[in-house]
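Heads up, the thing below is written out as structure tokens.
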Amino acid sequence: MNVVLFGPPGAGKGTQAKELAKHYQIPHISTGDILRANVRDGTELGKEAKGYMDKGELVPDEVLIGIIKNRLAESDCKPGYLLDGYPRTTPQADALSAILEEIGMPLEVVLNIDVADEELVTRLCGRYVCTCGESYHMKFNPPEKENVCDACGAELYQRDDDKEDVIRQRLDSYKEKTQPLINYYKEKGLLVDINGTGAIDRVFSDISNTLDQYK
Ligand code: ADP
Ligand code: AMP
């Protein structure tokens, strides 16, 4: 199953991807998680990416294209992949098509998760995350024990870019550079719209009902 989870920051891509990866036994590939791990480890890539991420801007295409090419070549992607946060620009989408053609794993569906702007800001302002990739919300999706990850027991933290001014910049970048991909994938007949508002379980049912057709 070869899937892109598409949508603005805060749409619930990471939240849904965690569950979908378990349910369908395919890897969840989040370029944001890969970049944050590089920032934490102090790699050259992390040092280059940090400045862009802190400002809520996109990291340059050539960096992301290299990351995704290497990641898709790993053996756990043989049964499929669930991309989250990539592609975010037309050059990234074009590069993805070329990479997928080369490895013979063409995209089957792009799930466009739709949520209104003000709801996105509320979600991102209250988001707490774990280095293991789990994402919580202080009101909408709290962990069982305050500030502790249900999955791995580590302490939760707020992302540096989940501050209101940076959130607004990320939403602007999304509108300017990423949103045009909706038409790009619509024209290729790959786009399926998902209503991302409402209970997390309800959104999961909608997505899995769609994805079951690609099993
Ligand atoms: P994305 O990966 O698209 O940026 P996340 O999955 O991290 O978004 O979700 C953003 C925030 O919204 C998190 O705090 C998450 O717990 C919360 N969230 C996710 N889905 C929902 C939902 N259906 N209703 C309310 N809050 C949600
Ligand atoms: P995310 O975790 O998806 O919200 O991404 C966090 C940040 O990482 C973004 O605001 C960008 O700075 C950077 N980033 C993640 N994925 C990409 C991508 N595909 N292209 C450019 N920048 C990205």
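All values reported here derive from a predicted model rather than from experimental measurement. Order of appearance sets the numbers: ligands from 1, and atoms from 1 within every ligand.
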Do [X] and [Y] have side chains that approach each other closer than 4.5 Å (heavy atoms only, starting at C-beta)?
X: D150; Y: E134; value: no
X: C149; Y: P143; value: no
X: Y81; Y: L107; value: yes

Would you say [X] has more than 12 foreign heavy atoms packed within less than 6.0 Å of its [atom1]?
X: M1; atom1: CE; result: yes
X: Q213; atom1: CD; result: yes
X: F140; atom1: CZ; result: yes

Taking atom types as modelled, is there a side-chain donor on [X] or [Y] under 3.5 Å from an acceptor on the other?
X: N141; Y: Y128; value: no
X: D117; Y: Y174; value: no
X: Q169; Y: S173; value: yes

Where ligand 1 meets Y136 - atom numbers and elements under 4.0 angstrom, heavy-atom basis: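 Those qualifying, in numeric order: 13 (C), 14 (O), 16 (O).
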Ligand 1 atoms in contact with F140 (distance to a heavy atom under 4.0 Å): 25 (C), 26 (N)
What protein heavy atom sits nearest [atom], and how far off is it?
atom: atom 7 (O) of ligand 1; answer: R127 NH1, 2.6 Å
atom: atom 8 (O) of ligand 1; answer: G12 N, 3.2 Å
atom: atom 4 (O) of ligand 2; answer: R159 NH2, 3.0 Å
atom: atom 22 (N) of ligand 2; answer: V59 N, 3.1 Å
atom: atom 2 (O) of ligand 1; answer: G14 N, 2.9 Å
atom: atom 13 (C) of ligand 2; answer: L35 CD1, 3.5 Å
atom: atom 4 (O) of ligand 1; answer: G10 N, 2.8 Å
atom: atom 22 (C) of ligand 1; answer: R123 NH2, 3.3 Å

Does an N or O anywhere in [X] fall below 3.5 Å from an N or O of ligand 2?
X: G85; answer: yes
X: E57; answer: yes
X: T31; answer: yes

Please determine if [X] has a nitrogen or oxygen closer than 3.5 Å to a nitrogen or oxygen of ligand 1.
X: L124; answer: no
X: T15; answer: yes
X: Q16; answer: no
X: G126; answer: no
X: V203; answer: no
X: A199; answer: no

Pair R170 + D162, salt bridge at N-O below 4.0 Å: yes
Lys/Arg-Asp/Glu bridge criterion (N-O < 4.0 Å) met for D172, R168: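 Salt bridge: no.
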Options D84, I200, D162, D33, ranked by nearest heavy atom to atom 20 (N) of ligand 1, top entry: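 Among D84, I200, D162, D33, the closest heavy atom to atom 20 (N) of ligand 1 belongs to I200.
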Selected option - heavy-atom contact closest to atom 1 (P) of ligand 2, from R88, K50, K55, M53: R88
May I ask you to decide if [Y]'s main-chain N or O and [X]'s side chain share a donor-acceptor pair within less than 3.5 Å?
X: Y24; Y: S208; result: yes
X: N2; Y: E108; result: no
X: S135; Y: T15; result: no
X: K13; Y: G7; result: yes

Residue part near ligand 1, for N141, under 4.0 Å between non-hydrogen atoms: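 Within the 4.0 Å criterion, N141 contacts ligand 1 through side-chain atoms alone.
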Any R36 heavy atom less than 4.0 Å to ligand 2: yes
G198 to ligand 1, any heavy atom closer than 4.0 Å: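 Right, G198 reaches ligand 1.
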Residue portion contacting ligand 2 (non-hydrogen atoms closer than 4.0 Å) for L64: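 For L64, the contact with ligand 2 is made by the side chain alone.
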For R170, atoms of ligand 2 separated by under 4.0 Å from a heavy atom: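 Taking each heavy atom of R170 in turn, ligand 2 has 4 (O) under 4.0 Å.
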For Q92, the ligand 2 atoms whose distance to one of its heavy atoms is below 4.0 Å: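 Selected atoms, number and element: 18 (C), 19 (N), 20 (N), 21 (C).
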Among T90, V110, L191, the one residue meeting side chain to side chain contact (heavy atoms under 4.5 Å, CB included) with L181: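 So, applying the side chain to side chain contact (heavy atoms under 4.5 Å, CB included) to L181 and each of T90, V110, L191, only T90 qualifies.
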